[in-house]
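All values reported here derive from a predicted model rather than from experimental measurement. So that the names make sense, note that chain A is the first sequence line, chain B the second, and so on, each numbered from 1.
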There are 2 protein chains.
Amino acid sequence: MSESEQRGTSAAPSRRKDARRNKETLLDAAAAVFVTSGVDAPVRDIAARAGVGTGTLYRHFPTRADLIIAVYRHQVDACAEAGPALLAEAATPHAALRRWIDLFVDFLVTKHGLAAVLRSDQSGFTALHDYFLDRLVPVCADLLSAAVAAGEIRDDVQALTLLRGVGNLCIGAENDPGYDARRLAAVLVDGLRRTP
Amino acid sequence: MSESEQRGTSAAPSRRKDARRNKETLLDAAAAVFVTSGVDAPVRDIAARAGVGTGTLYRHFPTRADLIIAVYRHQVDACAEAGPALLAEAATPHAALRRWIDLFVDFLVTKHGLAAVLRSDQSGFTALHDYFLDRLVPVCADLLSAAVAAGEIRDDVQALTLLRGVGNLCIGAENDPGYDARRLAAVLVDGLRRTP
DNA sequence: TGCAGAAACGGAACAACGTTCCGTATCGTG
DNA sequence: CACGATACGGAACGTTGTTCCGTTTCTGCA
């Protein structure tokens, strides 16, 4: 299973050198354009920045979600892996959850428009949605159930709901000084506490 | 000041009967299309449903936000007016706040895509944004400060932040059984409580 | 090295949408 | 009833996403 399906990037790398090179170039270009123009920058812009045609971009990344996933995969994975570590080192499960959510919020807030497109139900974005959820929901669920087991929080909020909620709180947080997504996320996690 | 500027709909009604009639027809058409196709239905669809050209639609409602505001103004006003009433009748300010937020959430969740477009920072939507905020922030601020005065909640979350947060929580809530915006909003309001 | 087939490339072309513009039709008024 | 002002309709333009196909480039093999 390690070779036959490598989770997500299941397609084998092309045998042609130019194709591999173009894919790299496109990833770099996309990453650059994403930080300046946001994750819904025009496809043409990304292709132009990479010096390739739009057809080439679409062949490598059939949907925008594929491109976004490819660009941010590492960071999502890092966030996922931080979960167990926090659980091990934090004072209580709830503290671990709070810090993990902070990580997640930081990630989303610094990616122009990512949270919004994550929520978009436009066709083709389900892949993006699913990747984030597949990767992060189990981690969040572990943190939640640990906190529940410790009697710290209520047990009627699912990991998926919490993650979507936090993701939503981050929408539009990047360009708007009067709105503090981090604080709201913290308040939300606080609200999970058992009210005695 | 009562005549010269009537807050929002500052333009006097047209002297021409056909113009007034078309505006009404457009409002009805928009309301109908909004419930079936969401608030970002194509402008052409709305004009077609009303049996007028797109130019006519744009003359009456220069931006989509103007149209949305006109369609939902009554309901927004009703929500705003419910604030003081709840504060008077609820057991505590925090209870009033919770119920008022419920009202707000109910309103947003039942309008396909409204919460999303409310958050959109596309040009032209600032009017929509501003109308909601102008109308609701003062109400929310009153509820908040009453709860703060009663010592029920923390004092470091502004009305504007809370409203935006709750609005964000409602994004995408309409088509997705696994996500419960109402519950999350309740958890958020719960999180405002002073942690002793 | 040279060649044939496969693979990938580029960008023109199409569709959907928001928005503007102006020639035409309609209304209110003197 | 005629005239000016107002409003109408939809063609036309610009911007995007997406597809399609003639052309180019690469790779494996002789």
- Query: Applying the side chain to side chain contact (heavy atoms under 4.5 Å, CB included) test to A/Leu118, which of A/Asn168, A/Leu133, A/Leu163, A/Leu128 qualifies?
  - Reply: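 The single option meeting the side chain to side chain contact (heavy atoms under 4.5 Å, CB included) with A/Leu118 is A/Leu128.
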Just jot down the side chain to side chain donor-acceptor pair (under 3.5 Å) partners of [X], sequence neighbours excluded, or say none.
X        : value
A/Tyr72  : none
A/Asp66  : A/Thr63
A/Asp180 : none
A/His112 : none

- Pairs flagged by side chain to side chain donor-acceptor pair (under 3.5 Å) wherever residues 144-158 of chain B is involved - sequence neighbours left out: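 The answer is B/Thr92-B/Glu152, B/Arg154-B/Asp156.
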- Applying side chain to side chain donor-acceptor pair (under 3.5 Å), which residue pairs with at least one partner in residues 35-62 of chain A are found, sequence neighbours left out?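 Sorted pair list comes back empty.
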Please confirm whether the shortest side-chain N or O distance from [X] to OP1 or OP2 of [N] is below 4.0 Å.
X       : N     : answer
A/Ser14 : C/dA7 : no
B/Asn22 : D/dA7 : no
A/His60 : C/dA8 : no

- Item | With sequence neighbours excluded, residues passing side chain to side chain contact (heavy atoms under 4.5 Å, CB included) with B/Ala80 |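 Partners of B/Ala80 under the side chain to side chain contact (heavy atoms under 4.5 Å, CB included) test: B/Arg135, B/Leu136, B/Val139.
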- Message: Counting only heavy atoms and a strict 4.0 angstrom limit, can you tell me which residues of residues 26-45 of chain B come near DNA chain D?
- Response: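 Result for residues 26-45 of chain B: B/Arg44, sorted by number.
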- Whole Å only: how far is the CD1 atom of B/Ile46 from the P atom of D/dG9?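 One finds 15 Å between P of D/dG9 and CD1 of B/Ile46, rounded.
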- Atom-pair distance (CZ on B/Arg64; P on C/dC17), nearest Å: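 To the nearest whole Å, that distance equals 10 Å.
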- Once base and sugar-phosphate atoms are separated, protein heavy atoms under 4.0 Å mark nucleotides 19-30 of chain D, 5' to 3', with B, S and - as BB----BSS---
- Query: Would B/Arg119 and A/Asp176 count as a salt bridge (Lys or Arg N to Asp or Glu O under 4.0 Å) if you check the C-alpha gap in whole Å, the side-chain angles of each, and the deciding distance to 0.1 Å?
  - Reply: CA-CA 11 Å; B/Arg119 204 12 149 175; A/Asp176 181 343; 3.5 Å; yes
- To the nearest 10 degrees, how far apart in direction are the end axes of the helix from C/dT1-D/dA30 to C/dG30-D/dC1, each fit to five base pairs?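 Here the local axes at opposite ends form an angle of 10°.
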- Taking salt bridge (charged side-chain N to carboxylate O under 4.0 Å, His left out) as the test, write out the residues that go with A/Arg64, two or more places apart.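 Result, salt bridge (charged side-chain N to carboxylate O under 4.0 Å, His left out) vs A/Arg64: none returned.
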- State which residues pass salt bridge (charged side-chain N to carboxylate O under 4.0 Å, His left out) with A/Arg16; sequence neighbours excluded, sorted by chain then number.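 With sequence neighbours excluded, A/Arg16 shows a salt bridge (charged side-chain N to carboxylate O under 4.0 Å, His left out) to A/Asp18, given in chain and number order.
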